[in-house]
Amino acid sequence: MQIENKIKNTVAEAIKELYGQDVDSNSIQLNLTRKDQKGDFTVVVFPLLRISKKNPEETGKDIGNYLKEKLSEIAEFKVIKGFLNLLLSHSYWINSLNEIKDTEEYGFTHATDESPLTMIEYSSPNTNKPLHLGHIRNNLLGYSLSRIVASMGEKVVKTNIVNDRGIHICKSMLAWQKWGNGATPESTGKKGDHLVGDFYVKFDQEYKKEIAALMDKGLSKEEAEKQTKLMEEAREMLRKWEAKDPEVYELWKMMNEWVYKGFDETYKALGVDFDKIYYESETYSVGKEEVLRGLKEGLFYRKEDNSVWADLSAEGLDEKLLLRGDGTSVYMTQDIGTAKMRFNDFPIDKMVYVVGNEQIYHFKVLSLLLDKLGYKWGKDLVHFSYGMVELPEGKMKSREGTVVDADDLIAEMVNTAREMSKELGKLDGYTEEEAEKVYYTIAMGALKYFILKVDPRKNMTFDPKESIDFNGNTGPFIQYSYARIRSVLRKASDKGTAIPEKLNDNAELTEKETQLLKMVLNFPNIVEEAGKVYSPAIIANYAYDLAKEFNQFYHEMPIVFEEDALKREVRLVLSEKVGDIIKQSMWLLGIDVPERM
RNA sequence: GGCCUCAUAGUUCAAGGGAUAGAACAAGAGUUUCCUAAACUCUAGAUACAGGUUCGAGUCCUGUUGGGGCUACCA
């Protein structure tokens, strides 16, 4: 909003003029005026007292007078305590509305060839089990971030690194071999990722049984864990896989295919996608080479058991394993390889990893290692670390069967949305197919908004029973507000009430209308802020506030039925723009809005 | 043990060092001859504790208490 800079500059000018001191206009504190006070913008004068050597009231008045004289947009000002509240003129607001009225995607900036490229990694599933609630948060955050960053005018590449190899995959494979009896997704009618996940669980059950048996024979828990045959077999399988043993390799390929098909369905339901997918089975060897190069260059060292380590004690961290004694790679090795491949593939300016906060340490280490290996971008990688999703009774544990499965949750949400819609009878006249689409839109709106409205850095609680509401501070509330606006506009057009090319300057705005318009005009700032601190929650909360404000406005005054043409036109244009901004905000969150609901 | 993080109404979440700490759900009371009541209006209810910095602290600093996480040859 340009007016803000104008005010700041003029305040700085006023200080120079009145008190003879230079101040940086950026240091001027200018806020939107609190709702309960009269005014549009507020200059905080407290910090200026040191310069003015006067009390807050007088200082505020001095500056207020100066501003009013210099800026025609300012209609009135009032000083309350240390706050200088500025009230802008009706014509200023009408002009602003006229200016943005026909701006497509107001507040968005589009990338050009020169724009920096940001790569965002998110999702990063393991192929041994289906996606759960934690992944949902990750996917929604990653996808929303990609849209927010793109709307700030950066080029964005969405990427996914699939953990398709390692001991955990071998556990599923081994269990399938031993107890699967050739089960396939087709033969069982199960989604592939769920089928494979079941065998992972099966492995764990059998493993525990074996440990218990060994402990009965008098072994300690630690000894028993080390001596299980099952784990030994799994390790053997991993060695065979790395040696590309044909039988193991074929099994691995087949089971992974099942999983990918399942994941694709879930991704599609979540409405997320990727521009480029990497597989650890393809990147880990690159990582190994890099580690060996580092070893040769003396950056790392080898222990007597042949394992390779990095010493990060100079950086205040520990020693870190990079390659096991048997030459197989670990998580870190793979991430090094993946990073190298990505930077070879794309001219990346900024790399963002959307990964849970439990891995803060891992990414600190990765950053240091990449830097040591000579990648100039290593230091600057961004770990977008988000909090865990917890259940009312605590953390989700897959082994205790308390995970909330992504597919189940989505299906449940759609069911609830359907029931509720039918009860309200809002979609009468829609075909079954059209109605289903709306149910889905509402269900996903509820789920996505619920997750995204929370500050990503914080842990959040999810209660599957009460879980998600469709009333109050929810996605459907915002969607409903949008549908309502569309309905109003349809009514207007049915009545033949045209929306004018340009609003008349003489139109006056009520306080509510000004408030709404102010929020609309603030949208670009919100997008920028959200992009700067990587927080979809800022967009979500803004969208809610805007929708709430609109609903109040809607109840307070007629729009289509307003008799006074000037007033009616303002309200129609304003409503339409609010609708646009709601739609854009929701788009940034990856949420669709229905025309009717 | 060390390091990181969080603590706000009964519950789930807000609050870029600024004014009387906002919402929603749950509880209670209202609003449909009028543009969608998935809405709107009203009532009641909160900054874990103790210090400090500041004109001003939920926000910054120190300590205490209580959650969560990391500190793995799991990924």
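By convention in this document, chain letters (A, B, ...) are assigned in the order of the sequence lines, proteins followed by strands, and residues within each chain are numbered from 1.
Separating the CE atom of Met460(A) from the C1' atom of rG69(B) is a distance of 18 Å, rounded to the nearest angstrom. When the P atom of rU11(B) is taken as reference, atom CD of Glu393(A) falls 16 Å away, rounded to whole Å. Separating the CD atom of Glu315(A) from the C1' atom of rC3(B) is a distance of 16 Å, rounded to the nearest angstrom. In this structure, Asn357(A) places its CG atom 19 Å from P of rC3(B), rounding to the nearest Å. If you take CG of Asp318(A) and P of rG2(B), they are 15 Å apart, rounded to a whole angstrom. Between the CE atom of Met388(A) and the P atom of rU5(B) there is a distance of 15 Å, rounded to whole Å. When rounded to the nearest whole Å, the span between CG of Asp455(A) and P of rG16(B) equals 11 Å. Between Leu49(A) atom CG and rG56(B) atom C1' there is a gap of 11 Å when expressed in whole angstrom units.
rU59(B) and rA19(B): their P atoms are spaced 13 Å apart (whole Å). Between rC13(B) and rA7(B), the distance separating the two P atoms is 11 Å to the nearest Å. Separation of the P atoms belonging to rA21(B) and rA46(B) is 11 Å when rounded to the nearest angstrom. A distance of about 26 Å separates the C1' atoms of rU54(B) and rU5(B), rounded to the whole Å. Spacing of P atoms, rU47(B) relative to rA38(B), comes out at 35 Å, to the nearest Å. rG56(B) and rG18(B) are spaced 7 Å apart, taking the C1' atom of each and rounding to whole Å. Spacing of P atoms, rG52(B) relative to rA15(B), comes out at 28 Å, to the nearest Å. Taking atom C1' on both nucleotides, rA29(B) is separated from rC34(B) by 24 Å, rounded to a whole Å.
Taking every side-chain heavy atom of Ile167(A) into account, rC74(B) is the closest of rU12(B), rA19(B), rC74(B). The side chain of Lys81(A) lies closest to rU20(B) when the candidates are rG18(B), rU20(B), rC74(B). Nearest to the side chain of Glu390(A), among rG18(B), rG68(B), rA75(B), sits rG68(B). Distance from the side chain of Tyr361(A) is smallest to rC70(B) among rG69(B), rA19(B), rC70(B).
Counting non-hydrogen atoms under 4.0 angstrom, Asn306(A) reaches nothing in the nucleic acid. Counting non-hydrogen atoms under 4.0 angstrom, Leu84(A) reaches nothing in the nucleic acid. The residue Tyr331(A) sits close to a base: some heavy atom pair falls under 4.0 Å. As judged by a 4.0 angstrom heavy-atom cut-off over every strand, Asn31(A) is placed among the base-contacting residues. Across all strands, Pro56(A) comes closer than 4.0 Å to no nucleic acid atom at all (heavy-atom distances). Within the 4.0 angstrom heavy-atom criterion, base atoms lie near Gln359(A).
Look at rU11(B): its glycosidic torsion is beyond 90° from 0, and that puts it in the anti range.
Figure legend. rA39(B) is base-paired to rU31(B); pairs are counted as Watson-Crick or G-U wobble with both atom distances under 3.5 Å. Shown here, rC49(B) forms a base pair with rG63(B); the pair counts as Watson-Crick or G-U wobble because both key distances fall under 3.5 Å. Across the strands present, rA23(B) finds its partner in rU12(B); the criterion is a Watson-Crick or G-U wobble pair with both atom distances under 3.5 angstrom.
Contact annotation: the side chain of Gln552(A) approaches that of Glu549(A) to within less than 4.5 Å [non-hydrogen atoms, C-beta and beyond]. Between Arg137(A) and Phe462(A), every side-chain heavy-atom pair lies at or beyond the 4.5 Å cut-off. Considering only heavy atoms from C-beta on, Val354(A) stays 4.5 Å or farther from Ser124(A) through its side chain.
Using a 4.0 Å cut-off, no side-chain N or O of Lys532(A) falls inside it from OP1 or OP2 of rG16(B). For Arg165(A), no side-chain nitrogen or oxygen approaches OP1 or OP2 of rC74(B) to under 4.0 Å.
Comment: Arg324(A) does not engage Asp326(A) in a salt bridge, judged by the lack of any side-chain N to carboxylate O separation of less than 4.0 angstrom. Salt bridge present: Glu319(A) and Lys303(A) bring a charged side-chain N and a carboxylate O closer than 4.0 Å. Glu436(A) and Arg418(A) are joined by a salt bridge, as a carboxylate oxygen and a charged side-chain nitrogen come within less than 4.0 angstrom of each other.
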What string of B, S and - do you get for nucleotides 34-47 of chain B, 5' to 3', when a contact is any protein heavy atom under 4.0 Å? SBBSBBSS------
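Residues forming a ring-ring contact (aromatic ring centres under 6.0 Å, His included) with Tyr449(A) (at least two apart in sequence, or on another chain): none. Listed by chain and number, the residues in a ring-ring contact (aromatic ring centres under 6.0 Å, His included) with Phe384(A) amount to none (sequence neighbours excluded).
Projected onto RNA chain B by closest heavy-atom contact, Asn459(A) and Ile80(A) fall at different nucleotides, the more 5' of which corresponds to Ile80(A).
Ring-centre distance between Phe553(A) and Phe550(A): below the 6.0 Å cut-off.
Proximity of a side-chain donor or acceptor of Gln334(A) to a complementary backbone N or O of Gly287(A) within less than 3.5 Å is not detected.
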